[in-house]
Amino acid sequence: MKCIGFNQGQYGDLCINTVACRSFKERFPEYKLHFGINKKYSSLSPIFENNELIDSIHIWDAYDGWPSEKDIEYISKEKYDFIFNPMPRHFEEHWYINFHQTQENCRVHGLNSPDNLQVYLNKYFDTDKNDKCVALNLFAETRGNSKTPDLNQAKEIADLLVKKGYNPIQIGLPDQPQICEKRFTGSFFDSIKFVLSCDFLLTVDSAMAWIASGYSFPTIGIYAYTYYPHVITSKNWQPINPNAIYLEKDKISNINIDAISKAIDNI
């Protein structure tokens, strides 16, 4: 018996899917679980290899227009016992008030939430050790500007790391503003391996925060709770990570540099 799931994108959602995989495997251990990823996000697929919760990986062809003819041909050939909708809808608009994002992902697929809500990724690959280096990720796709710092604040954070004896290395898209002396260039998978070689990650609400949580990697996350309305905390979309320190305010611009400094000392 076999099935295929779950959300086919975006990058952070793919990581969140591993909690749904855990829920499914706990209830149906006899099933082979195929992990569906859209081709738009296939650059992230290597991190899901050699994962005890995933039996194989499939790359879907269509995104908004799923399924395409190619997808239908694949489904017909594989003869799955069950197919989870890769483009599910939320049951309620303000889901984030009552449910953690990993719980909500289980809910939209008709699954119970497992006790363990942490993303799971297997570090089956080797990484270097770049002592005193910090992966700095301060830009992300966003609605408005509440969850990312402005350029001056981003540079202030980078300068703070230098003052504390660290070597900040900017990660992210090449068209994002330069905020420190060095930046990493390479594939998405290469950037993940680079992050895991550093002392810690300092990031905004982003896919990289979810990826780091899957490896329990030391992380400082800065969050804006007004990214979603009607809440006074961002805890329901902060990744579970025993080695993370999360700072939050209504807007990133209101997170005090002294609070960031203290988190750096404590990470």
Side-chain angles (χ1 to χ4, degrees), residues 1-92 95-96 99-125 141 187-189 192 206-215 236-237 239-240:
M1 294 184 291
K2 62 182 180 180
C3 72
I4 186 167
F6 291 92
N7 297 20
Q8 63 168 322
Q10 301 177 359
Y11 295 115
D13 293 334
L14 292 172
C15 298
I16 293 168
N17 281 341
T18 62
V19 178
C21 291
R22 179 182 294 118
S23 173
F24 183 86
K25 282 290 192 178
E26 287 177 354
R27 185 171 180 184
F28 304 106
E30 71 278 11
Y31 269 77
K32 295 292 185 181
L33 178 56
H34 294 196
F35 194 78
I37 301 173
N38 188 265
K39 64 183 181 183
K40 290 171 61 177
Y41 306 102
S42 60
S43 60
L44 196 60
S45 62
I47 71 171
F48 301 107
E49 296 175 2
N50 301 298
N51 189 311
E52 64 187 30
L53 302 175
I54 296 169
D55 294 297
S56 69
I57 296 171
H58 173 68
I59 306 300
W60 292 116
D61 178 60
Y63 191 65
D64 292 327
W66 185 90
S68 68
E69 289 187 10
K70 184 176 180 180
D71 293 324
I72 293 171
E73 289 176 5
Y74 169 78
I75 292 167
S76 178
K77 176 183 176 183
E78 290 294 322
K79 295 180 170 58
Y80 284 109
D81 295 283
F82 197 82
I83 299 170
F84 288 93
N85 183 0
M87 302 293 285
R89 294 177 179 272
H90 295 291
F91 295 120
E92 53 200 82
W95 58 267
Y96 47 82
F99 301 99
H100 191 267
Q101 195 161 356
T102 56
Q103 293 175 307
E104 176 66 6
N105 191 48
C106 291
R107 289 178 73 237
V108 298
H109 291 291
L111 297 169
N112 293 325
S113 300
D115 292 335
N116 182 0
L117 298 179
Q118 184 177 354
V119 167
Y120 173 70
L121 300 171
N122 177 27
K123 188 177 177 295
Y124 64 89
F125 45 85
E141 293 184 11
S187 69
F188 200 166
F189 186 39
I192 293 166
S206 64
M208 195 59 77
W210 287 103
I211 293 166
S213 74
Y215 299 109
N236 275 346
W237 62 93
I240 306 297

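For reference, positions follow the sequence shown, starting with 1.
The side-chain heavy atoms of Gln10 and Tyr63, taken from C-beta on, include a pair separated by under 4.5 Å. Looking at heavy atoms from C-beta onward, Trp66 lies out of side-chain contact with Ile72 at the 4.5 angstrom threshold. Ile192 places a side-chain heavy atom less than 4.5 Å from the side chain of Met208. By the 4.5 Å heavy-atom criterion applied to side chains, Pro86 and Asn38 are not counted as neighbours. Put simply, the side chain of Ile47 does not reach to within 4.5 Å of the side chain of Phe188, judged on heavy atoms. At a threshold of 4.5 Å between non-hydrogen side-chain atoms, the residues Leu33 and Cys21 count as touching. Contact check for Tyr41 versus Gln8: no side-chain heavy atoms found under the 4.5 Å cut-off. Residues Phe189 and Leu44 have side chains not in contact (no heavy-atom distance under 4.5 Å, counting atoms from C-beta outward).
Between the Ser68 side chain and the Asp61 main chain, no donor and acceptor come within less than 3.5 Å of each other. A donor-acceptor distance shorter than 3.5 angstrom exists from the side chain of Thr18 to the backbone of Cys15, with no hydrogens or angles considered. Between the side chain of Arg22 and the backbone N or O of Asn116, at least one donor-acceptor pair lies under 3.5 Å. When atom types are taken as modelled, the side chain of Asp71 and the backbone of Ala62 share a donor-acceptor pair closer than 3.5 angstrom. Panel note: side chain Asn51, backbone Tyr120; a donor-acceptor pair is recorded below 3.5 Å. The backbone N or O of Asn50 lies less than 3.5 Å from a partner atom in the side chain of Asn122, making a donor-acceptor pair. Side-chain atoms of His100 come within 3.5 Å of backbone atoms of Thr102 as a donor-acceptor pair (strictly under, hydrogens ignored). Remark: the backbone N or O of Ile75 is not paired with any side-chain donor or acceptor of Glu78 at under 3.5 angstrom. In this structure a side-chain-to-backbone donor-acceptor pair under 3.5 Å is present from Asn17 to Asn7.
The distance from the OG atom of Ser45 to the CD1 atom of Ile59 is 5.0 Å, given to the nearest 0.5 Å. To the nearest 0.5 Å, the span separating OG on Ser213 from CD on Gln118 amounts to 6.0 Å. In this structure, CD in Glu26 is found 10.5 Å from CG in Leu111, a value given to the nearest 0.5 Å.
Between Tyr74 and His58, the distance from one ring center to the other falls under 6.0 angstrom. Note: Tyr80 and His34 meet the aromatic proximity criterion, with ring centroids under 6.0 Å apart. The ring of Phe35 has its center no closer than 6.0 angstrom to the ring center of Phe6. Proximity of the aromatic rings of Phe82 and Tyr31 is defined here by a centroid distance below 6.0 angstrom, and this criterion is not met.
Judged by the 6.0 Å distance and 45° axis criteria, Lys123 is not positioned over the aromatic ring of Tyr215. Geometric assessment of Arg107 against the ring of Phe99 yields a positive cation-pi assignment under the 6.0 Å and 45° thresholds.
Here the closest non-hydrogen pair linking Cys106 and Ala20 is SG-CA, 3.8 Å. Across all their heavy atoms, Tyr11 and Ala207 have their closest contact at CB-CB, 3.6 Å.
Between Lys25 and Asp55 there is a salt bridge, with a side-chain nitrogen of the basic residue lying less than 4.0 Å from a carboxylate oxygen of the acidic one. Classification of Lys2 and Asp81 as a salt-bridged pair fails, no side-chain N sitting under 4.0 Å from a carboxylate O. Using a 4.0 Å cut-off between charged side-chain N and carboxylate O, Glu73 and Lys70 make no salt bridge.
Using modelled atom types, one finds a donor on one side chain and an acceptor on the other under 3.5 Å when comparing Glu49 with Tyr124. Side chain to side chain, Asn105 and Asp13 fail the donor-acceptor criterion of an N or O pair below 3.5 Å.
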**Request:** Please step through side chain to side chain contact (heavy atoms under 4.5 Å, CB included) for the pair His109 and Phe24, ending with a clear verdict.
**Result:** CA-CA 10 Å; His109 291 291; Phe24 183 86; over 6 Å; no
**Message:** Let's go through Gln101 and Trp210 carefully: what are the C-alpha distance in whole Å and the side-chain angles of both, what is the deciding distance for side chain to side chain contact (heavy atoms under 4.5 Å, CB included) to 0.1 Å, and is it a yes or a no?
**Reply:** CA-CA 11 Å; Gln101 195 161 356; Trp210 287 103; 3.5 Å; yes
